[in-house]
Amino acid sequence: AGDVCEVKSAPAMNLIEHLEQVRDFRTQPRYPLSVILLLIIMGVMSGCTGYRALEDFVARHQKALLEVMDLPFKRLPCFSTLRRTMVRVDFKSMTNAFNAWAQDTFAVSAHEQVAVDGKSIRASVRDYDKAYQDFVSIVSAFSVQQGVVIGLEPMSNLGGSEIVTVQTLLDLLKLKGVCLSFDALHAQKKTLQQIIESGNDYIVAVKANQPTLLNELKTQFEQMMPFSIDTQVEQTRDRQTQRTVSVLDTIERIDPRWVGVQRIIRVERSGTRANQPYDETIFYISSLAMDAADFAQRIRDHWHIENCLHWPKDVVLKEDDSPVCDGYALINFAIVRTIAVNLFRKAGFKSVTKGLRHLAHDIPQLFSFFQ
């Protein structure tokens with residue numbers, strides 16, 4: 001018998017190695033670009049929200065940073081170097097490095113739920129006086145179970161479409177066997193077909209942007225009895241909510257181009273918010289065959305992307321208050337904040353606020369997360 005050649009896969013790279021792949025815009029660099037990016041990420045994880053704060057962070061910890069990073073320099077980059085890096089480094093190269101690192105680090109297993117949504121960066125909004133404004137968004141794929149972003153893609157509102165951006169991101173991620181959840185913008189025939197053909201499932205809201213489908217769903221619930229119903233009541237300090245989830249398992253008169261539909265779902269919410277009554281009904285379609293209680297959980301879990309990603313980036317890491325607008329800085333800082341969220345979660349902190357309290361300015365501990 002001939003010799004058997006065993007092919008071993010290359011070991012996964014750590015974050016430092018992935019940052020080393022980011023394309024350097026400089027011709028005669030004094031510091032490696034990856035070093036500057038590491039300093040900025042550690043600064044953001046210590047609560048720094050601008051260039052002056054980052055400069056102070058580097059100056060305050062210069063000795064410790066030189067020691068843990070084993071650098072041959074006598075001093076580290078100043079304000080102008082930090083600023084120039086974030087303004088000029090290619091955000092596409094940063095995006096590629098992030099996505100490669102996330103896929104190396106956070107394996108997504110079958111049956112996980114991945115919530116997909118875009119978040120605009122407030123400081124990027126232009127043309128306030130026009131009906132159709134330009135702004136920058138980051139579209140993220142968020143693992144609900146792990147609390148981390150497994151892939152992202154930036155886009156400009158006037159230069160692209162979130163629908164197409166999501167389709168591009170799904171191609172990149174090459175997921176198998178997961179449940180992808182979306183808001184109503186992504187109730188698109190091409191997107192759902194792409195999901196089914198790639199071996200995944202979906203739950204997607206249906207609203208007035210798909211009027212024909214929405215009317216069909218309403219009609220079916222008027223004419224048929226749900227096979228499964230789940231009702232939950234929730235009381236908080238200033239809010240009382242009753243949610244009733246109803247599911248139909250007989251699908252009729254729906255355009256077959258909506259590929260994979262196995263269940264249609266109606267979610268009725270009513271109650272009071274700040275002592276004001278409210279009542280709303282939202283419809284969903286899904287390729288999953290589940291009962292009402294399971295759908296109720298999945299639909300609520302989708303909003304983890306708001307509560308566990310967008311909210312910490314805005315409120316804790318101050319993304320919407322960011323004063324940096326030049327060049328590629330807004331996108332690059334948004335990517336850096338996403339790296340910070342992922343690192344906090346990888347370190348075991350569900351709360352980014354708690355992670356900041358425990359890890360801010362702890363240079364040896366922060367640096368250990370990159371290795």
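Here, residue 1 is the first one in the sequence, and each next residue gets the next number.
Considering all non-hydrogen atoms of both residues, Phe367 and Met69 come closest at CE1-CG, 3.6 Å. Pairing each heavy atom of Ala187 with each of Gln210, the nearest pair is O-NE2, 2.8 Å. Across all their heavy atoms, Phe73 and Pro32 have their closest contact at CZ-CD, 3.9 Å. The shortest heavy-atom contact between Arg26 and Leu33 is NH2-N, 3.0 Å. Of all the heavy atoms in Ala296 and Gln232, the pair that sits closest is CB-NE2, 4.2 Å. Nearest heavy atom pair, residue Tyr31 against residue Arg75, reads OH-O, 3.1 Å.
Taken from CG in Leu180 to CD1 in Ile196, the straight-line distance is 9.5 Å, to the nearest 0.5 Å. In this structure, Asp56 CG and Ser46 OG are separated by 12.5 Å, a value rounded to the nearest 0.5 Å. Remark: Arg253 CZ to Thr212 OG1 distance equals 13.5 Å, nearest 0.5 Å. Interatomic distance, Asp294 CG to Leu288 CG, rounded to the nearest 0.5 Å: 9.5 Å. Between the CH2 atom in Trp303 and the SG atom in Cys308 there is a gap of 13.0 Å [rounded to 0.5 Å]. Here the straight-line distance linking atom CD1 of Ile331 with atom CE of Met94 works out to 10.5 Å at 0.5 Å rounding.
Judged by distance alone, the side chains of Glu112 and Ser143 do bring a donor and an acceptor atom under 3.5 Å apart. If you check the side chains of Glu162 and His186, you find a donor sitting under 3.5 Å from an acceptor. Side-chain N/O atoms of Gln167 and Thr191 include a donor and acceptor closer than 3.5 Å.
Side chain of Thr241 to backbone of Glu234: no donor-acceptor contact under 3.5 angstrom is found. Between the side chain of Arg23 and the backbone N or O of Ser93 there is no donor-acceptor pair closer than 3.5 Å. A donor-acceptor distance shorter than 3.5 angstrom exists from the side chain of Ser228 to the backbone of Ala292, with no hydrogens or angles considered. In this structure a side-chain-to-backbone donor-acceptor pair under 3.5 Å is missing from Asp24 to Pro29. Looking at Asn209, its side chain does come within 3.5 Å of a backbone N or O of Ala184 through a donor-acceptor pair. Judged purely by atom type and a 3.5 angstrom limit, Asn200 has no side-chain atom pairing as donor or acceptor with the backbone of Cys179. Looking at Gln21, its side chain does come within 3.5 Å of a backbone N or O of Glu17 through a donor-acceptor pair. Between the side chain of Ser287 and the main chain of Val261, no donor-acceptor pair closer than 3.5 Å is present.
Taking the centre of each ring, His18 and Phe98 stay at or above the 6.0 Å mark.
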Legend entry - Worked check of side chain to side chain contact (heavy atoms under 4.5 Å, CB included) between Asp320 and Lys119: CA-CA 10 Å; Asp320 273 354; Lys119 176 191 177 299; 3.6 Å; yes
Inset, instruction - For side chain to side chain contact (heavy atoms under 4.5 Å, CB included), just list the numbers for Leu71 and Leu76, CA-CA rounded to whole Å, side-chain angles, deciding distance to a tenth of an Å, and then say yes or no. - result: CA-CA 9 Å; Leu71 298 172; Leu76 289 171; 3.7 Å; yes
Legend entry - Evaluation steps, side chain to side chain contact (heavy atoms under 4.5 Å, CB included), between Leu19 and Ile41: CA-CA 11 Å; Leu19 292 176; Ile41 295 168; 3.9 Å; yes
Legend entry - Step-by-step ring-ring contact (aromatic ring centres under 6.0 Å, His included) determination, Phe333 to Tyr51: CA-CA 11 Å; Phe333 267 110; Tyr51 298 122; 5.7 Å; yes
Inset, instruction - Evaluate side chain to side chain contact (heavy atoms under 4.5 Å, CB included) for Gln103 paired with Leu172, printing each intermediate quantity in order. - result: CA-CA 10 Å; Gln103 291 180 65; Leu172 169 74; 4.2 Å; yes
Legend entry - Intermediate values then yes/no, salt bridge (charged side-chain N to carboxylate O under 4.0 Å, His left out), Asp90 and Lys92: CA-CA 5 Å; Asp90 181 9; Lys92 293 180 181 178; over 6 Å; no
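In this structure, the side chains of Glu153 and Asn99 come closer than 4.5 Å at one or more pairs of heavy atoms. Taking 4.5 Å as the limit, some side-chain heavy atom of Ile40 sits within range of a side-chain heavy atom of Leu82. Looking at His302 and Ile203, their side chains never come closer than 4.5 Å, going by heavy atoms from C-beta outward. Looking at heavy atoms from C-beta onward, Asn342 lies out of side-chain contact with Thr105 at the 4.5 angstrom threshold. In this structure, Asp249 and Arg263 have side chains that are in contact, with non-hydrogen atoms separated by less than 4.5 Å. Contact of the Asp291 side chain with the Asp230 side chain is not registered, since no non-hydrogen atoms from C-beta on lie closer than 4.5 Å. Looking at Phe25 and Val89, their side chains come closer than 4.5 Å, going by heavy atoms from C-beta outward. Inter-residue side-chain proximity for Leu356 and Phe344 is flagged as met; some heavy-atom pair is nearer than 4.5 Å.
Each of Ile163 and Phe182 belongs to its own hydrophobic cluster when Ile, Leu, Val, Met, Phe, Trp and Tyr are linked at side-chain heavy-atom distances under 4.5 angstrom. Hydrophobic cluster membership is shared by Met45 and Met86, with clusters built from Ile, Leu, Val, Met, Phe, Trp and Tyr side chains linked at under 4.5 angstrom. Residues Val144 and Val352 do not share a hydrophobic cluster, clusters being chains of Ile/Leu/Val/Met/Phe/Trp/Tyr side chains in contact below 4.5 Å. Val315 and Phe349 fall within a single hydrophobic cluster, where Ile, Leu, Val, Met, Phe, Trp and Tyr are joined by side-chain heavy atoms under 4.5 Å apart, directly or via other members. Cluster membership check: Phe369 shares its hydrophobic cluster with Leu39, using side-chain heavy-atom separations under 4.5 Å among Ile, Leu, Val, Met, Phe, Trp and Tyr.
The number of heavy atoms from other shown groups lying within 6.0 Å of NZ (Lys63) does not exceed 12. Surrounding CZ of Arg257 are at most 12 heavy atoms belonging to other residues, nucleotides or ligands under 6.0 Å away. Counting non-hydrogen atoms of neighbouring residues, nucleotides and ligands closer than 6.0 angstrom, the CZ atom of Arg269 exceeds 12 such neighbours.
Ring orientation note: the planes of Trp101 and Phe106 are nearly perpendicular, at an angle over 60° on the 30°/60° scale. Ring-plane geometry between Phe221 and Phe283 is classed as tilted, the angle between the planes lying from 30 to 60 degrees on a 0 to 90 degree scale. Taking the six-membered ring where the residue is Trp, His61 and His361 present tilted rings, their angle falling between 30° and 60°.
Each of Thr219, Leu214, Leu213 was evaluated against Glu216; a single residue qualifies, Leu213, per the side-chain contact (heavy atoms from CB on, under 4.5 Å) test.
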